[in-house]
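Notes follow the structure.
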Amino acid sequence: MTIRLYDTSARQIRDFAPLTPGCVSIYLCGATVQAAPHIGHIRSGLNFDIMRRWFAYRGYDVTFIRNVTDIDDKIIRKAAEQNRPWWSIGYENERAFNDAYDALGCLPPTYEPRATGHVTEMVEMMRGLIERGHAYEAEGNVYFDVRSLPGYLALSNQELDDLRQPEGEGETGKRDPRDFAMWKAAKPGEPSWETPWGRGRPGWHLECSAMAHKYLGTEFDIHGGGIDLIFPHHENEIAQARGFGDAFARYWVHNAWVTMSGEKMSKSLGNSVLVSEMVKQWRPVVLRYYLGTPHYRSTIEYSEESLREAESAFARIEGFVQRVTELAGQSVEPAAEVPPAFAEAMDDDLGVPQALAVVHTTVRQGNSALAADDKEAAVARLAEVRAMLGVLGLDPQAPHWAGEQEQGEDLRHVVDSLVRLVLDQREAARARKDWSTADAIRDQLKESGLVIEDSPQGPRWSLGSR
């Protein structure tokens with residue numbers, strides 16, 4: 001058994017070899033909390049939640065760090081626009097992100113450090129970089145000298161002479177326009193902390209280098225994030241860490257975007273879909289299915305039609321789980337192991353689409369067993385399905401989603417009673433061979449969003465797609 005991952009730095013799929021046998025350490029760039037999360041933000045958390053679950057299934061002891069960037073230019077700008085304290089903006093949106101992660105079934109990280117809680121570590125890193133000749137102070141700012149570090153830009157594969165480094169207001173005193181800010185001198189009305197070079201606040205890149213060093217040490221296994229972070233953020237994280245003497249991350253794993261009309265989903269473009277609004281329209285488990293089942297390196301083009309397809313696909317799985325559970329008379333425990341084809345797909349760069357195909361094939365086999373009244377085979381297939389869904393965080397009988405089911409149980413009983421009255425009329429029509437009336441009743445129920453299935457145990461109903 002070898003897990004393989006696409007390593008952005010190597011530009012190829014590599015066998016995963018952990019730094020410490022039996023353990024895996026993961027650092028994920030988490031939320032910058034200037035606004036509430038849209039589904040593009042939360043996709044990264046979902047993809048790495050599935051990665052974490054798969055490593056755990058394969059027997060690894062996982063340390064998973066997901067940071068919170070609670071101070072940066074965007075947060076300060078939002079605070080000024082809304083005439084609110086910067087920390088109020090950050091805390092409110094941090095809560096919103098955690099609510100979104102929880103709603104979509106993401107496991108909590110091992111640690112979730114905030115940038116503002118690690119200024120001491122940032123100062124220590126800057127001091128070390130200045131002493132090693134990789135950084136310098138100018139007019140209260142501290143900059144990284146990009147020409148001082150051989151191999152800078154290897155991750156993003158750019159040429160230094162062609163580099164255009166993003167920069168913010170007030171970044172004065174640079175020796176080279178390509179140098180980037182690690183620390184920004186204080187401005188009136190902005191948050192600031194005391195340092196040997198005067199009061200100021202951290203740059204975005206420094207925050208992650210310092211927090212990764214504190215929680216994972218000088219070297220760790222996997223650094224993750226969205227493809228938009230490759231440059232400048234991850235490139236500059238590497239520069240700081242290696243300039244400080246850290247080996248840093250051994251593998252770089254990046255997830256693709258959620259797009260609308262071909263553009264990355266973002267607040268600035270006004271094309272974002274907030275998670276808090278989406279969970280009012282769609283079941284959270286359906287959103288997880290929609291965002292988590294495409295391959296993490298493939299772009300998701302948002303559309304309601306795709307969401308409806310995800311809803312229907314999950315309903316087929318959920319319906320099978322429910323039918324076998326009713327037949328067995330009790331909950332069927334997940335199998336100890338997933339099917340080999342599922343494991344092979346997941347080992348190969350987290351091939352969730354191929355793994356999901358195994359889930360649906362197993363569901364079809366289970367439905368065939370139900371149709372043949374083969375209870376033993378149906379129960380065996382359900383055990384396999386639950387094991388696979390557990391790895392993907394989609395098991396409808398897991399405690400997290402079971403609560404979601406219970407919320408609609410009372411309403412389901414009412415609807416079931418009403419539908420049963422109509423189905424009794426249909427059965428009476430079928431008994432007297434009035435096929436046109438029976439078909440008309442079925443079609444009318446279908447138009448109402450209900451799917452009728454004739455089984456050896458009698459007619460059953462389920463919700464169809466919207």
Side-chain angles (χ1 to χ4, degrees), residues 1-6 13 16 18 22-24 26 28 42-64 66 101-110 221-222 224 253 255 283-298 310 313-314 316-318 320-321 324-325 331-366 379-402 404:
M1 176 275 296
T2 302
I3 295 175
R4 297 175 295 280
L5 296 171
Y6 183 85
I13 293 177
F16 176 74
C23 299
V24 58
I26 304 170
L28 174 63
I42 230 66
R43 182 192 183 182
S44 181
L46 274 174
N47 288 154
F48 285 90
D49 181 65
I50 292 171
M51 173 192 281
R52 174 202 189 159
R53 288 170 183 264
W54 184 244
F55 273 115
Y57 172 82
R58 280 304 199 191
Y60 287 89
D61 182 9
V62 182
T63 300
F64 182 60
R66 186 183 67 208
Y101 290 131
D102 291 345
L104 271 61
C106 292
L107 300 173
T110 310
D221 291 309
I222 298 169
V253 180
N255 64 276
R283 292 173 60 197
V285 70
V286 170
L287 279 180
R288 182 179 178 100
Y289 187 101
Y290 172 67
L291 293 171
T293 55
H295 194 274
Y296 74 91
R297 289 194 287 121
S298 65
F314 185 74
R316 289 193 293 273
I317 296 172
E318 193 173 36
F320 167 70
V321 172
V324 180
T325 300
S331 178
V332 176
E333 291 301 310
E337 295 185 0
V338 298
F342 181 94
E344 182 179 353
M346 292 297 291
D347 280 341
D348 188 12
D349 195 30
L350 303 177
V352 174
Q354 294 78 15
L356 193 65
V358 179
V359 174
H360 283 287
T361 296
T362 309
V363 166
R364 286 194 293 272
Q365 293 170 347
V379 167
R381 298 295 80 75
L382 175 55
E384 293 172 346
V385 166
R386 286 203 64 195
M388 293 185 282
L389 293 178
V391 167
L392 301 176
L394 289 169
D395 180 3
Q397 293 188 337
H400 183 84
W401 303 121
E404 179 186 286

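What you see is a predicted model, and the numbers here were worked out from it, not measured in a lab.
Within the 3.5 Å criterion, the main-chain N or O of V332 finds a donor-acceptor partner in the side chain of R386. One N or O on the side chain of Y57 and one on the backbone of V338 form a donor-acceptor pair closer than 3.5 Å. Counting only distance, with no hydrogens or angles, the side chain of R288 and the backbone of L104 share a donor-acceptor pair below 3.5 Å. The main-chain N or O of L107 is found under 3.5 Å from a side-chain atom of D49 such that the two form a donor-acceptor pair. Of the possible donor and acceptor atoms, one in the side chain of W401 sits under 3.5 Å from a partner among the backbone N and O of G393. A donor-acceptor contact shorter than 3.5 Å links the side chain of H400 to the backbone of D102.
Note: M346 CE to R53 CZ = 10.5 Å, rounded to the nearest 0.5 Å. Residue R4 holds its CZ atom at 10.5 Å from CG of L350, rounded to the nearest 0.5 Å. Going from atom CZ of R316 over to atom CZ of R364 covers 8.5 Å, rounded to the nearest 0.5 Å. Atom-to-atom distance recorded for T110:OG1 and R66:CZ is 10.0 Å, nearest 0.5 angstrom. Atoms CG and CD1, on L291 and I50 in that order, are 9.5 Å from each other to the nearest 0.5 Å. Considering CD1 of I42 and CG of L287, their distance stands at 10.5 Å, rounded to 0.5 Å.
Side-chain atoms of I317 and Y289, non-hydrogen and from C-beta on, do get closer than 4.5 Å to each other. Side-chain atoms of F16 and I222, non-hydrogen and from C-beta on, do get closer than 4.5 Å to each other. R381 has its side chain out of reach of V363: every pair of non-hydrogen atoms, C-beta onward, lies at least 4.5 Å apart. Using a 4.5 Å heavy-atom threshold, the side chains of V321 and L382 count as touching. For the pair F320/V324, a side-chain contact is recorded, criterion being any heavy-atom separation below 4.5 Å from C-beta on. Under the 4.5 Å side-chain criterion, counting only non-hydrogen atoms from C-beta, L46 is in contact with C106. Contact annotation: the side chain of V285 never approaches that of P396 to less than 4.5 Å [non-hydrogen atoms, C-beta and beyond]. Within the 4.5 Å cutoff, the side chain of D221 has heavy atoms near those of the P18 side chain.
Results of the side-chain hydrogen bond (donor to acceptor under 3.5 Å, both in side chains) test with R297 over N47, D349, N255 single out D349 as the only residue that passes. When each of R58, R52, M51 is paired with W54, the side chain to side chain contact (heavy atoms under 4.5 Å, CB included) condition holds for R58 and for no other.
The environment of CD in E344 is sparse: at most 12 heavy-atom neighbours from other residues, nucleotides or ligands sit within 6.0 Å.
Between P334 and A387, the closest heavy-atom pair is CB-N, 3.8 Å.
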